[in-house]
Protein chains: 2
Amino acid sequence: MQSAKEVLKAKGIRPTFQRLKILEFIRDCKEHPTVDDIYRKLIKGIPTISKTTVYNTAKTLVESGAINQVNVTGTETRFDFAGEPPHHHLVCDKCGRIIDIAIDCPYLSRREMEGHLIIEKHGYFRGICSDCRGKTENRAD
Amino acid sequence: MQSAKEVLKAKGIRPTFQRLKILEFIRDCKEHPTVDDIYRKLIKGIPTISKTTVYNTAKTLVESGAINQVNVTGTETRFDFAGEPPHHHLVCDKCGRIIDIAIDCPYLSRREMEGHLIIEKHGYFRGICSDCRGKTENRAD
DNA sequence: TATCACTTTGTAATTATTACTAATATGTAT
DNA sequence: ATACATATTAGTAATAATTACAAAGTGATA
Ligand SMILES: [Mn+2]
Ligand SMILES: [Mn+2]
Ligand SMILES: [Zn+2]
Ligand SMILES: [Zn+2]
């Protein structure tokens with residue numbers, strides 16, 4: 001597996017301490033963290049880190065393709081490590097988690113649609129996750 | 001075709017003047033307007049309307065299913081009339097427009113995936129729209 | 001070492017949204 | 001038609017997310 005440092009080098013981004021820690025956290029966190037999530041986690045180990053750095057770095061990483069931006073709530077931006085295979089997401093109405101869904105979407109390979117050039121594909125569902133369905137008080141069926 | 005008033009009545013939402021105008025604008029506007037777009041348009045004809053009313057009404061309409069929320073930028077919420085047939089969206093990197101794409105997605109009919117209950121499906125693409133591609137200065141291929 | 005470009009940080013400003021409350025309008029019962 | 005209860009609207013304040021900006025820090029290079 002490629003280290004975070006190698007990912008950054010390969011993208012031509014100088015692997016500073018802050019960038020490495022931010023990228024590693026996004027890679028290891030399975031919960032599609034927000035900027036605030038990242039900041040609150042990293043400030044524990046790097047007391048001087050600023051939220052602006054998290055914003056700047058996230059933007060740099062998204063532009064380079066090292067991470068993907070996940071837009072599912074409309075009011076906050078979340079992030080996902082781009083090393084994962086392409087997948088869609090489920091936003092759970094009950095627990096709020098954003099869960100990966102592996103789907104075999106026939107559009108993932110399309111580079112053009114109706115004359116439009118396609119650069120990124122995003123799919124997400126709103127619903128109730130299997131964990132929350134399992135809890136009897138939430139079963140509707 | 002069903003009038004806006006009929007849509008609201010069918011949903012059990014009292015068809016006030018403001019709600020009718022907001023719903024009609026969202027129905028007739030093909031550009032997936034933001035709250036601010038709606039407010040700036042309607043204030044011309046209804047000088048007393050407040051942005052809070054637009055927020056409240058949009059929330060009511062989304063919850064009732066009369067309109068859909070479109071989350072593609074991460075920082076602002078947009079809306080789409082739910083009377084349209086299901087479709088995906090393209091966000092153009094050049095002109096910023098959000099354009100409907102009719103696709104035959106095999107997941108639109110799925111009510112369950114990997115044990116999760118599916119309530120809504122959303123798909124969008126980032127890319128360059130056919131209009132912007134047509135302009136020679138933007139052709140990359 | 002001196003320089004220069006890049007990076008980080010802290011602060012201020014902006015934008016989108018939500019919270020709260022008073023005023024207004026509407027439906028119902030009398 | 002009037003009074004009352006309730007829903008809706010509007011205005012303002014508060015919160016949250018993001019962006020803008022400039023000073024300070026860092027590190028590679030001449
Ligand atoms: Mn994911
Ligand atoms: Mn649409
Ligand atoms: Zn859940
Ligand atoms: Zn375009």
Side-chain angles (χ1 to χ4, degrees), chain A residues 4-5 8-9 11-26 32-64 66-67 69-79 91 96 98, chain B residues 4-5 7-9 11-26 31-64 66-67 69-79 91 96 98:
Chain A
K5 184 175 284 190
L8 292 180
K9 280 184 182 169
K11 301 285 187 186
I13 298 169
R14 204 198 296 174
T16 66
F17 183 70
Q18 289 87 341
R19 285 171 174 167
L20 280 171
K21 293 302 175 188
I22 291 168
L23 180 56
E24 286 167 0
F25 178 66
I26 293 170
H32 309 94
T34 63
V35 163
D36 198 56
D37 292 335
I38 299 166
Y39 174 75
R40 290 208 319 277
K41 171 70 178 188
L42 294 187
I43 191 96
K44 295 175 186 171
I46 314 168
T48 58
I49 203 169
S50 82
K51 202 174 274 192
T52 300
T53 296
V54 181
Y55 273 106
N56 289 341
T57 300
K59 173 183 262 194
T60 300
L61 295 177
V62 166
E63 286 169 355
S64 76
I67 65 175
Q69 188 168 319
V70 177
N71 301 319
V72 291
T73 65
T75 57
E76 62 185 5
T77 297
R78 293 171 172 271
F79 303 98
V91 185
I98 295 160
Chain B
K5 183 174 283 191
V7 171
L8 292 180
K9 280 184 183 171
K11 302 284 188 186
I13 298 168
R14 207 197 293 175
T16 65
F17 183 70
Q18 289 88 338
R19 285 171 173 166
L20 280 171
K21 292 303 175 186
I22 290 168
L23 179 57
E24 286 167 359
F25 178 66
I26 293 171
E31 299 175 11
H32 310 94
T34 63
V35 163
D36 198 58
D37 291 335
I38 299 166
Y39 174 75
R40 289 208 319 277
K41 171 69 180 189
L42 294 187
I43 191 97
K44 294 175 185 171
I46 315 168
T48 59
I49 203 169
S50 81
K51 201 173 275 192
T52 300
T53 296
V54 180
Y55 274 105
N56 289 340
T57 301
K59 173 182 262 195
T60 301
L61 295 177
V62 167
E63 285 168 354
S64 76
I67 65 176
Q69 188 168 321
V70 177
N71 300 319
V72 290
T73 65
T75 57
E76 61 185 6
T77 297
R78 293 170 172 272
F79 303 98
V91 185
I98 295 160

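In what follows, every chain begins at residue 1, and chains take the letters A, B, ... in the order their sequences are listed.
- Side-chain atoms of B:T16 stay outside donor-acceptor range of the base of C:dT26, with no qualifying N/O pair under 3.5 Å.
- In this structure, A:T75 reaches the sugar-phosphate backbone alone: every heavy-atom distance under 4.0 Å involves primed, P, OP1 or OP2 atoms, never a base.
- A heavy-atom distance below 4.5 Å is found between the side chains of A:V54 and A:I22.
- To the nearest 0.5 angstrom, A:Y55 atom OH is 7.5 Å from A:D36 atom CG.
- Of the side-chain N and O atoms in B:T34, none sit less than 4.0 angstrom from OP1 or OP2 of C:dA16.
- For the pair A:Y55 OH and C:dA13 P, the computed distance is 18 Å after rounding to whole Å.
- With hydrogens and angles left out, the side-chain atoms of B:D37 and B:T34 include a donor and acceptor closer than 3.5 Å.
- Straight-line distance from the OH atom of B:Y39 to the P atom of C:dT15: 15 Å, rounded to whole Å.
- Contact annotation: side chain of B:T52 to base of D:dT12, donor-acceptor pair present below 3.5 Å.
- Spacing between atom NZ of B:K21 and atom C1' of D:dT9 amounts to 17 Å, rounded to whole angstrom units.
- To the nearest angstrom, C1' of D:dT8 lies 14 Å from CD1 of B:I46.
- The side chain of B:R19 contributes an N or O atom lying less than 4.0 Å from OP1 or OP2 of D:dT9.
- Side-chain contact between B:L8 and B:L61 is present, with heavy atoms from C-beta onward closer than 4.5 Å.
- At the heavy-atom level, A:N56 lies under 4.0 Å from base atoms of the strands shown.
- Atoms NZ (B:K59) and P (D:dT8) sit 14 Å apart, rounded to a whole Å.
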(Q) Apply side chain to side chain contact (heavy atoms under 4.5 Å, CB included) to residues B:V35 and B:T77 and explain how you reach the verdict. (A) CA-CA 7 Å; B:V35 163; B:T77 297; 5.9 Å; no

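- B:Q18 has no side-chain polar atom (N or O) that falls below the 4.0 Å cut-off from OP1 or OP2 of C:dA25.
- Of the candidate nucleotides C:dT26, D:dA17, C:dA16, D:dA17 has the atom nearest to the side chain of A:E76.
- Rounded to whole Å, atom C1' of D:dA17 lies 15 Å from atom CG of B:N71.
- Residue A:F17 contributes atom CZ, which lies 15 Å from atom C1' of C:dT9 at whole-angstrom precision.
- Nucleic acid contact for A:T48: sugar-phosphate only, since backbone atoms but no base atoms lie under 4.0 Å from a heavy atom of the residue.
- Residue order along DNA chain D, read from the 5' end via each residue's closest nucleotide, puts B:T53 first among A:D36 and B:T53.
- Computed from coordinates, the A:I38 CD1 to D:dT18 C1' distance equals 14 Å when rounded to whole Å.
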